Engineer: 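One structure, pasted below without further comment.
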Amino acid sequence: MLDQRLLRNDLDAVVRNLARRGFSFDSSRLAELEEQRKGLQVQVEDLRNERNIKSKSIGQAKAQGEDIQPLLDAVASLGGDLDAAEAALKMLQAELDKIQLELPNLLHESVPDGADEDANFEVRQWGDIPQFSFEPKDHVDVGENMGLLDAATGSKISGSRFTVMYGSLARLHRALIQFMLDIHVQQHGYEEVYVPYLVNSTSLLGTGQLPKFKDDLFEAAGEHDLYLIPTAEVPVTNIVRDEILDPALLPLRRAAHTPCFRSEAGSYGRDTRGMIRQHQFEKVELVQLVKPEHSYAALEELTGHAEKILQLLKLPYRVMVLCAGDIGFGAAKTYDLEVWLPGQGRYREISSCSNCEAFQARRMQARWRNPETGKPELLHTLNGSGVAAGRALVAVLENYQQEDGSVLVPEVLQPYMNGATKLS
RNA sequence: GGAGAGUUGGCUGAGUGGUCGAAAGCGCUCCCCUGCUAAGGGAGUAUGCGUUAAAAGCGUAUCGAGGGUUCGAAUCCCUCACUCUCCGCCA
């Protein structure tokens with residue numbers, strides 16, 4: 001959600017900023033509703049005030065044994081007026097909420113213009129693109145040739161976009177997760193958390209997946225208000241929903257490994273081969289809750305933490321700053337890490353690190369108490385994949401493949417593989 | 001799944017229709033007093049929203065959530081959520 005004050009006082013600036021995303025909305029409708037809201041809310045509160053005063057005087061009169069009938073007559077007409085005004089306000093507020101909950105975050109000024117991913121801007125590169133003395137295969141061929149990757153069985157069990165892994169490949173996947181968590185906890189100062197994989201709609205509203213992106217989620221059947229998490233960002237960030245944090249706790253850094261579930265509605269036909277785009281994948285997620293003045297420094301730091309994983313795995317990557325047209329709904333600024341995939345001959349997203357500023361915090365009422373003012377103020381929230389395990393596995397398979405069809409185990413993962421140096 | 005008991009401010013905990021945003025205690029902040037310490041005295045101490053350029057002030061809402069009854073609800077009624085205890089089942 002955006003700052004109400006800004007929407008009221010400088011709606012044009014909001015319109016201009018959101019237009020950079022290619023997002024347009026009926027701002028005059030919003031202004032009109034807001035004008036009505038103002039009048040109605042004042043009216044409702046005045047009526048309530050009148051009722052409260054009169055009711056109180058009835059109580060006092062009754063206590064002194066006076067005749068209260070004249071007083072009762074005096075409030076008789078109030079109820080109807082108040083009910084009508086309250087009902088009108090409620091409807092109006094619902095319409096305003098609907099509009100406001102679907103407004104994306106304002107972009108940070110450093111976000112470059114651009115309509116789509118082609119306009120994303122490369123900030124830096126790391127590592128050398130490996131040269132192969134043979135034609136490198138993609139991860140599907142590498143994995144299936146070893147008999148360790150099995151898409152057919154995944155689709156038999158569940159359907160398209162599910163995969164089965166066996167033996168040392170399954171273990172390598174687990175090793176990646178353990179390795180990433182250990183680095184973030186032991187070297188980057190994150191607290192490991194274990195969280196629910198099913199969350200309620202309030203949590204999804206808080207981080208911005210609802211109400212607008214319901215189609216991207218898997219919803220649990222039955223009478224529950226539960227959804228499978230699309231990312232650990234949802235449960236981990238919502239830990240601080242409706243909390244006022246002691247500033248001594250900040251910055252709060254938390255890391256979690258969870259599976260993620262995405263319906264991938266709207267991406268029919270894209271990345272249908274292999275493990276790039278699955279309904280279920282594992283990820284180690286980094287979340288930071290910081291004072292507003294530190295959030296951009298924290299974004300650089302958090303991005304660096306994700307990069308560190310790729311560096312230790314010796315996987316070449318580049319850092320992209322997402323352009324205005326490609327950035328996500330809740331983010332003010334986002335860096336994507338794209339890892340080099342020799343089998344595809346291109347870079348592919350493996351991590352996305354975002355500063356949401358107060359956008360999520362406002363929806364969640366996640367605050368800290370500023371000792372300078374003594375007042376609760378909104379936190380800034382950040383999240384980033386550190387990194388996606390499924391895609392990291394793909395990257396290892398493709399970058400570490402050998403001519404004989406085997407795959408070397410990255411050195412940093414060998415301790416997690418009982419010392420194994422090679423998959424086969 | 002069955003039976004029962006609960007949910008009040010940072011915490012403990014009172015409050016069964018009116019002057020209750022809520023006693024008391026603890027904690028915290030400030031002040032006073034006291035050679036030091038311990039003790040003591042006084043004042044303050046929730047959050048959202050609105051009004052405002054902003055603040056102050058004022059208004060309004062909030063006693064798990066949502067409805068209802070009533071002039072008036074923490075208090076009465078209904079639905080739901082959650083917590084605890086016991087039984088059953090279970091990784």
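Being a predicted model, the structure only gives us computed values, none of them experimental. Atom set for the values below is all heavy atoms of this structure, side chains included, hydrogens, waters and symmetry mates excluded. Within every chain, numbering begins at 1; the chains are lettered A, B, ... in the order of the sequence lines, protein sequences first and strands thereafter.
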Engineer: I want to verify a distance call: between G48(B), G67(B), U51(B), whose nearest atom is closest to the Arg8(A) side chain?
Structural biologist: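 Between G48(B), G67(B), U51(B), the one nearest the side chain of Arg8(A) would be U51(B).
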
Engineer: Of the options U51(B), G72(B), G67(B), whose atoms approach the side-chain atoms of Arg37(A) most closely?
Structural biologist: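 Of the candidates, U51(B) comes closest.
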
Engineer: State which of G48(B), A46(B), C71(B) makes the closest approach to the side chain of Gln365(A).
Structural biologist: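 In terms of side-chain proximity for Gln365(A), the closest of G48(B), A46(B), C71(B) is G48(B).
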
Engineer: Between U47(B), C71(B), U52(B), which nucleotide gets closest to the side-chain atoms of Arg367(A)?
Structural biologist: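 The nucleotide sitting nearest to the side chain is U47(B).
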
Engineer: Phosphate oxygens OP1/OP2 of U47(B): is one of them under 4.0 Å from a side-chain N or O of Arg369(A)?
Structural biologist: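 Checking U47(B) against Arg369(A), a side-chain N or O does come within under 4.0 Å of OP1 or OP2.
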
Engineer: Of the candidate nucleotides U51(B), G67(B), C49(B), which contains the atom at the shortest distance from the side chain of Val42(A)?
Structural biologist: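 For the Val42(A) side chain, the nearest candidate turns out to be U51(B).
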
Engineer: Using the P atom in both, what is the distance from G9(B) to U47(B), to the nearest Å?
Structural biologist: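 Approximately 14 Å lies between the P atom of G9(B) and that of U47(B).
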
Engineer: Not counting sequence neighbours, which residues clear side chain to side chain contact (heavy atoms under 4.5 Å, CB included) with Phe218(A)? List them please.
Structural biologist: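 With neighbours one apart ignored, the set is Leu228(A), Phe261(A), Ser263(A), His279(A).
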
Engineer: For Ser406(A) and Ser424(A), which I'm curious about, is there any donor-acceptor pair between the side chains at under 3.5 Å?
Structural biologist: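 No, because no side-chain N or O of Ser406(A) sits under 3.5 Å from a partner of the opposite role on Ser424(A).
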
Engineer: Can you tell me how far P of G48(B) sits from NZ of Lys375(A), to the nearest Å?
Structural biologist: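 Taking NZ of Lys375(A) and P of G48(B), I get 9 Å after rounding.
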
Engineer: So does Arg369(A) pair up with Asp246(A), basic N to acidic O under 4.0 Å?
Structural biologist: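 So Arg369(A) does not pair with Asp246(A) through a salt bridge.
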
Engineer: How far does the P atom of G35(B) sit from the matching atom of C20(B), given to the nearest Å?
Structural biologist: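 Their P atoms lie roughly 42 Å apart.
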
Engineer: Under a 3.5 Å cutoff on both atom distances, Watson-Crick or G-U, what's the dot-bracket for RNA chain B ([ ] crossing, | other strand)?
Structural biologist: ((((((((.[[[..)..(.....]]]((((((.......))))))((((((.....)))))).[[[[[..)....]]]]])))))))....

Engineer: Can you tell which of C71(B), A53(B), U47(B) lies closest to the side chain of Val75(A)?
Structural biologist: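 Closest nucleotide to the Val75(A) side chain: C71(B).
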
Engineer: Which listed nucleotide (U60(B), G50(B), C71(B)) is nearest to the side chain of Asn49(A)?
Structural biologist: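 Looking only at heavy atoms from C-beta outward on Asn49(A), the closest nucleotide is U60(B).
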
Engineer: If you only use heavy atoms from C-beta on, which nucleotide in A61(B), C71(B), G50(B) is closest to the side chain of Arg48(A)?
Structural biologist: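 The closest nucleotide is A61(B).
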
Engineer: Between Asn9(A) and Gln41(A), name the one whose nearest nucleotide on RNA chain B is closer to the 5' end.
Structural biologist: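 The residue mapped nearer the 5' terminus is Gln41(A).
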
Engineer: Tell me: NZ of Lys38(A) to C1' of G50(B), nearest whole Å?
Structural biologist: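 Going from Lys38(A) (NZ) to G50(B) (C1'), I get 10 Å.
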
Engineer: Salt bridge or not for Arg367(A) and Glu243(A), using N-O below 4.0 Å?
Structural biologist: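 Looking at Glu243(A) together with Arg367(A), the answer is no, because their closest N to O distance does not fall below 4.0 Å.
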
Engineer: Taking OP1 and OP2 of U70(B), is either one under 4.0 Å from a side-chain nitrogen or oxygen of Lys54(A)?
Structural biologist: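 No, outside the criterion.
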
Engineer: Describe the nucleic acid contact of Asp46(A) in one word from base, sugar-phosphate, nothing, applying a heavy-atom distance below 4.0 Å.
Structural biologist: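 If one applies the 4.0 Å heavy-atom cut-off, Asp46(A) turns out to touch nothing in the nucleic acid.
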
Engineer: Specify the separation, in whole Å, of atom CE of Met1(A) and atom C1' of G48(B).
Structural biologist: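 From Met1(A) CE to G48(B) C1': 12 Å.
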
Engineer: Taking the same atom, C1', in G42(B) and in A5(B), what whole-Å distance lies between them?
Structural biologist: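 G42(B) and A5(B) have their C1' atoms separated by 42 Å.
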
Engineer: Nearest to the side chain of Gln4(A), which nucleotide is it out of G18(B), G50(B), U47(B)?
Structural biologist: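 Of the candidates, G50(B) comes closest.
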
Engineer: Ignoring backbone atoms, test whether Asn52(A) places a side-chain nitrogen or oxygen under 4.0 Å from the OP1 or OP2 oxygen of A61(B).
Structural biologist: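 Yes, Asn52(A) has a side-chain N/O under 4.0 Å of OP1/OP2 on A61(B).
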
Engineer: Say we look at G2(B) and G59(B): how far apart would their C1' atoms be, to the nearest angstrom?
Structural biologist: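 Comparing C1' positions in G2(B) and G59(B) gives a spacing of 50 Å.
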
Engineer: Evaluate the criterion side-chain hydrogen bond (donor to acceptor under 3.5 Å, both in side chains) for residue pair Gln41(A) and Gln93(A); output intermediate values, then yes/no.
Structural biologist: CA-CA 10 Å; Gln41(A) 182 162 347; Gln93(A) 195 62 57; over 6 Å; no

Engineer: Rounded to whole Å, please give me the gap between CG in Asp3(A) and P in G50(B).
Structural biologist: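 Rounded to the whole Å, the gap is 10 Å.
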
Engineer: Is the His305(A)-Tyr190(A) ring centre distance short of 6.0 angstrom?
Structural biologist: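 They qualify: ring centres under 6.0 Å apart.
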
Engineer: Flag the pair Lys54(A) and Glu50(A) as a salt bridge only when some basic side-chain nitrogen lies within less than 4.0 angstrom of an acidic carboxylate oxygen.
Structural biologist: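 Answer for the salt bridge query: yes.
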
Engineer: Given atom CD of Glu243(A) and atom C1' of A46(B), what is their separation to the nearest angstrom?
Structural biologist: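 After rounding, the reported distance stands at 14 Å.
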
Engineer: Are Glu191(A) and Arg253(A) close enough for a salt bridge, meaning some N to O gap below 4.0 Å?
Structural biologist: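 Not counted as a salt bridge, because no side-chain N and carboxylate O are separated by less than 4.0 Å.
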
Engineer: Say we look at A73(B) and G66(B): how far apart would their P atoms be, to the nearest angstrom?
Structural biologist: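 One P to the other, the span is 15 Å.
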
Engineer: Check this for me: does any side-chain nitrogen of one of Arg29(A) and Glu32(A) sit under 4.0 Å from a carboxylate oxygen of the other?
Structural biologist: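 Salt bridge present between Arg29(A) and Glu32(A).
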
Engineer: Could you measure between the two C1' atoms, the one in G88(B) and the one in G15(B), and give it in whole Å?
Structural biologist: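 Between the two C1' atoms, the distance is 39 Å.
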
Engineer: Which residue, Gly374(A) or Val44(A), contacts RNA chain B at a nucleotide closer to its 5' end, judged by nearest heavy atom?
Structural biologist: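 Closest to the 5' end, via its nearest nucleotide, is Gly374(A).
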
Engineer: Heavy atoms from C-beta onward define the side chain here; which of C71(B), U47(B), C49(B) lies closest to that of Glu45(A)?
Structural biologist: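 Within the option list, the nearest is C49(B).
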
Engineer: Do the side-chain N and O atoms of Thr231(A) and Lys283(A) include a donor-acceptor pair separated by under 3.5 angstrom?
Structural biologist: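 Yes.
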
Engineer: Using atom CG of Leu40(A) as one end and atom C1' of U51(B) as the other, report the distance to the nearest whole Å.
Structural biologist: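 Taking CG of Leu40(A) and C1' of U51(B), I get 15 Å after rounding.
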
Engineer: If the P atom of C33(B) is compared with that of G50(B), how far apart are they to the nearest Å?
Structural biologist: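 Looking at atom P only, C33(B) and G50(B) are 45 Å apart.
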
Engineer: What is the separation between atom NZ on Lys62(A) and atom C1' on A73(B), rounded to the nearest whole Å?
Structural biologist: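 That distance rounds to 13 Å.
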
Engineer: Within residues 63-70 of chain A, which residues have any heavy atom lying less than 4.0 Å from an atom of RNA chain B?
Structural biologist: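 The stretch gives Ala63(A) as the residues lying under 4.0 Å from the strand, ordered by number.
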
Engineer: With ring centroids as reference points, do His380(A) and Tyr296(A) lie under 6.0 angstrom apart?
Structural biologist: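 Centroid separation for His380(A) and Tyr296(A): 6.0 Å or greater.
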
Engineer: Between the side chains of Glu282(A) and Arg174(A), is the shortest nitrogen-to-carboxylate-oxygen separation below 4.0 Å, so that they form an ion pair?
Structural biologist: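 Salt bridge between Arg174(A) and Glu282(A), a charged N being under 4.0 Å from a carboxylate O: no.
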
Engineer: Whole angstrom is fine here: how far is it from CG in Asp225(A) over to P in A65(B)?
Structural biologist: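 Taking atom P of A65(B) as the reference, CG of Asp225(A) is at 17 Å.
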
Engineer: What integer number of Å spans the C1' atoms of G18(B) and U12(B)?
Structural biologist: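 Comparing C1' positions in G18(B) and U12(B) gives a spacing of 28 Å.
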
